[in-house]
There are 2 protein chains.
Amino acid sequence: MARSGIPTAERIIAAANKLFYNDGIRSVSVDAVAAKVGVTKRTLYYHFKSKDDLVAAYLAGRDQPNLALFRQWFDAAAGGLPAKVEAIFRNLARSARHPKWKGCGFLRTSAELANMPGHPAIRIGAAHKKKFEEWLREVFAAEGIADPLQLARQILLLLDGSFAVVLLHRDASYMETAGEAAHQLIEAALPRHRRSRRVVRGA
Amino acid sequence: MARSGIPTAERIIAAANKLFYNDGIRSVSVDAVAAKVGVTKRTLYYHFKSKDDLVAAYLAGRDQPNLALFRQWFDAAAGGLPAKVEAIFRNLARSARHPKWKGCGFLRTSAELANMPGHPAIRIGAAHKKKFEEWLREVFAAEGIADPLQLARQILLLLDGSFAVVLLHRDASYMETAGEAAHQLIEAALPRHRRSRRVVRGA
DNA sequence: CAAAGTATACCAACCAGTGAATATACACAA
DNA sequence: TTGTGTATATTCACTGGTTGGTATACTTTG
């Protein structure tokens, strides 16, 4: 156990989350994580068999909260389907304007560990994105969209693209641009009778 | 100079390019680069004042060739504007299917060094993407598109999104999906008289 | 000769991971 | 209650190797 009531393993994951998300994987030593928790490195290795294991646990811990947040933003938004999806991008833009924001932990980890294709952390990241894609596909299917998977993937491309671009330029307005593109693609894919009247397109 | 006629500095950059692109920045030591070139580390530090300097040179060396390739793909493609842009995505998908492909070096570097916002390599990456965005904007403006910057940014979001997603899932078909979205967005933004007749949209 | 370029040898700090001993907590017997 | 065994949890001290960077001296070339 520990000083507080929180189990040590969870406190280690919480510390790993902060450090890995902020500074990346390879620039954070196991010693640094242990020091942040206030335990010895040997204790950390009692709970996790390797650093790779710890990295996987770090991403696994971000999976559900992240998905839940997206769904919450979607559910809370007013308007039709395009507006509700666009709301995700708007909320993301708001997050991205916080100075501690550093993009998507899953994407950044997969970029850093690109030379280790089978790494458990990458598999967790891939599964995470697939879950989000599948959720979007179901939402679109329920609205009668002809090819819901295709549209879900296009929205995901815009989303992950905005993570990458905003991280590079440090300009969150790209996220709103992505949201408008998503809006437009969804609007165009909607069956005629569900489409809003005030579509702006072309010159 | 060197054994071959190629200056040592260039040979160092070539080796750094292979190693950094393949394995990332922090997992490649300066010793490894020097060994690959066949010089001592001290020689490397004669030509580059630090590792950060070398990383910047690595990305600077990828700037023009990369842009030239995109333009070449665009120019060589048949069809109208949407088809020509889509061709970039198709060619990219072909590249991404090669086993040594590891995504976009600029994006991966910015993801790995996200905790060093002012890093010279990140500035070079940002400038690179801005150049591409500007080129696209000019192309769109010449075709009479109402908001060419907005559209250029949306295409860029799809492009960088496909780099990230394909790297994560190792499934290049996402690039073709992105190309179709790009096609659709451009088609919709084109002035009516330049639009192709066979637009497919909706259910 | 002088300048540019390269090599040998080195440093102090850091890294992931481990062996062996120890502390804590709880179950159960006397 | 007290003692004892056992599994869990933790610490100390350490290893062998790697890291970015440098002081100094040697070599090549115009």
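The chains referred to below are lettered A, B, ... by the order of the sequence lines, with proteins before strands, and numbering in each begins at 1. Heavy atoms only: backbone and side chains are in, while hydrogens, waters and symmetry mates are out.
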* Structure fact -> Between CG of B:Asp31 and C1' of C:dA9 the distance, given in whole Å, is 13 Å
* Asked: Rounded to whole angstroms, how far apart are CG on B:Leu44 and C1' on D:dT22?
  -> 14 Å
* Asked: Do A:Arg42 and C:dG17 have a side chain to base donor-acceptor pair shorter than 3.5 Å?
  -> no
* Asked: Quick one: are the ring centres of A:Phe70 and A:Trp135 less than 6.0 Å apart?
  -> no
* **Rounded distance in Å - OH (B:Tyr45) to P (D:dT19)** => 11 Å
* So what does A:Thr43 touch, heavy atoms closer than 4.0 Å: a base, only the sugar-phosphate, or nothing? -> base
* Scan side-chain atoms only and decide if A:Asp171 and A:Ser173 contain a donor-acceptor pair under the 3.5 Å cut-off. => yes
* Contact class for A:Val28 (heavy atom, under 4.0 Å): base, sugar-phosphate, or nothing? -> sugar-phosphate
* Tell me: NZ of B:Lys51 to P of C:dA13, nearest whole Å? -> 20 Å
* Asked: To the nearest angstrom, how far is A:Lys49 atom NZ from C:dA16 atom P?
  -> 15 Å
* Asked: C:dA7, D:dG21, C:dA16: which one has an atom nearest the side-chain heavy atoms of B:Lys41?
  -> D:dG21
* Structure fact -> When rounded to whole Å, the NE2 to C1' distance for the pair A:His47 and C:dT18 reads 16 Å
* Do A:Arg137's NZ or CZ and the ring of A:Phe132 fall within the cation-pi criteria of under 6.0 Å and 45°? -> no
* Validation row: B:Thr43, B:His47 side chains within 4.5 angstrom (heavy atoms) -> yes
* To do: Ignoring backbone atoms, establish whether A:Thr40 has a side-chain N or O less than 4.0 Å from OP1 or OP2 of D:dT10.
  => no
* Structure fact -> To the nearest angstrom, the CG-C1' distance between B:Asp53 and D:dG21 comes to 14 Å
* Among A:Lys129, A:Arg108, A:Arg153, salt bridge (charged side-chain N to carboxylate O under 4.0 Å, His left out) partner for A:Asp160 -> A:Lys129
* **Any A:Thr8 side-chain nitrogen or oxygen under 4.0 Å from OP1 or OP2 of D:dA9** => no
* To do: May I have the distance from A:Tyr46 (atom OH) to C:dT22 (atom P), rounded to whole angstrom?
  => 18 Å
